[in-house]
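Counting starts at 1 for both ligands and their atoms, following the listed order. Owing to the predicted nature of the structure, the values given are computational and were not obtained by experimental measurement.
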Amino acid sequence: MKTKVLLTVLVDVLLVFLTPKVSVCAENAPDWPKSLGVRWTPTHKFNSAGTWTPDPNLLLGEYEEEVPTRETKAYFMTENNTVITVQVGTTAALRCQVYDVAEHETVSWIRHRDHHLITVGANTYSNDERFQVTYSEKMQDWTLHVRYAQPRDAGVYECQLSAHPPIGVFTTLNVIEAIAEIEGGPERYVQTGSSVHLRCTLKHFTEPPTYVFWYHAEHMVNYDSNARITVVPRAGESELQISRVTKADSGNYTCQPANARPASISLHVITGETPAAMQRASATEVQYRFSLALISTMVALIAL
Ligand SMILES: *[C@@H]1O[C@H](CO)[C@@H](O)[C@H](O)[C@H]1NC(C)=O
Ligand SMILES: *[C@@H]1O[C@H](CO)[C@@H](O)[C@H](O)[C@H]1NC(C)=O
């Protein structure tokens with residue numbers, strides 16, 4: 001037995017030494033495979049003994065790989081390549097209606113960005129609890145819900161049927177951020193005793209906010225006992241009305257709609273002076289200080 005093993009090893013070693021180097025071979029041999037238009041990969045064309053083994057494709061001639069025919073009766077009712085736009089913080093519903101799905105077939109949701117398998121059939125596999133599939137037998141619908149949608153959820157999702165090969169429809173999810181804006185911001189000057197209307201409008205929203213909170217500094221004023229303050233809601237906007245303003249009403253007002261970036265305005269309640277006069281006064285002060293600094297610098301320079 002032992003001698004047989006030794007002999008085999010010896011023969012192998014001899015073969016390795018006797019066989020010309022693979023790189024040399026590769027340069028000499030490959031004329032004909034190249035002419036057939038097949039990519040020449042020398043390392044795979046030699047077996048362990050270093051002998052030339054042609055690719056079976058070359059012996060059989062050129063052929064096209066056959067795409068296996070997809071045998072399924074199922075068909076998608078949901079349109080392909082659709083785009084859904086939702087606002088940050090709301091729920092996105094990605095529909096997928098497939099008719100005549102066979103017993104052995106399943107409908108899954110896949111996130112393309114990272115090939116994450118989110119759902120299979122009526123089961124949700126994602127660790128992210130915001131994802132959930134609802135299956136309606138009557139509608140033959142597997143809708144994927146993404147709650148509290150975030151900008152990072154944006155991208156392509158595929159609803160895939162497990163046929164061979166698989167087939168799916170694609171949905172692109174856009175997640176946009178709604179932004180609040182207060183008209184006439186960021187500073188507003190008003191006279192003591194006048195009425196102030198602060199109008200907050202919402203930009204880029206897909207659904208009107210369920211609420212809009214107004215804050216004076218840190219204090220919410222929507223349900224304030226102060227009878228001079230009223231919040232008037234309208235579609236896509238909200239107005240804060242303050243009647244007979246006093247110095248105490250000065251300060252920072254913030255409009256915070258649900259699921260939107262808030263906006264702030266600084267309210268200055270003044271008596272007598274016009275805001276323009278106030279601004280001029282402060283500008284003169286700056287000029288005066290600047291002149292003083294200039295004079296002292298010149299004095300210092302002359303002293304040198
Ligand atoms: C949907 O469109 C993609 C290309 O965007 C295609 O690959 C896929 O086969 C289409 N799905 C169906 C069901 O037609
Ligand atoms: C006003 O208040 C909001 C919320 O507290 C804050 O984000 C903002 O920086 C404040 N603005 C000013 C001018 O103080």
Item to check | Reported OH-to-CD1 distance for the pair Tyr157 and Ile84, which is rounded to 0.5 angstrom | outcome: 11.0 Å

Checklist outcome for this item: Of all protein heavy atoms, the one nearest atom 7 (O) of ligand 1 is Phe170 CE1, 4.1 Å

Item to check | atom 12 (C) of ligand 1: the protein heavy-atom neighbour that sits closest, reported with distance to 0.1 Å | outcome: Asn80 ND2, 3.4 Å

Next on the checklist: Just to verify, which of Leu144, Val146, Asp128 counts as forming a side-chain contact (heavy atoms from CB on, under 4.5 Å) with Ile118?
Outcome noted: Leu144

Checklist entry - Just which atoms of ligand 1 are under 4.0 Å from any heavy atom in Gly168? => result 1 (C), 8 (C), 10 (C), 11 (N), 12 (C), 13 (C)

Item to check | Side-chain donor or acceptor of Arg147 paired with backbone N/O of Thr91 under 3.5 Å | outcome: no

Next on the checklist: Checking the side chain of Glu158 only, and the main-chain atoms of Val156 only, is there a donor and an acceptor separated by less than 3.5 Å?
Outcome noted: no

Checklist entry - Is the NE2 atom of His197 crowded by more than 12 outside heavy atoms at less than 6.0 Å? => result yes

Checklist outcome for this item: Ile167 heavy atoms within 4.0 Å reach ligand 1 at atoms 13 (C)

Next on the checklist: Students should be able to answer this: which protein heavy-atom is nearest to atom 4 (C) of ligand 1, and at what distance?
Outcome noted: Asn81 ND2, 4.1 Å

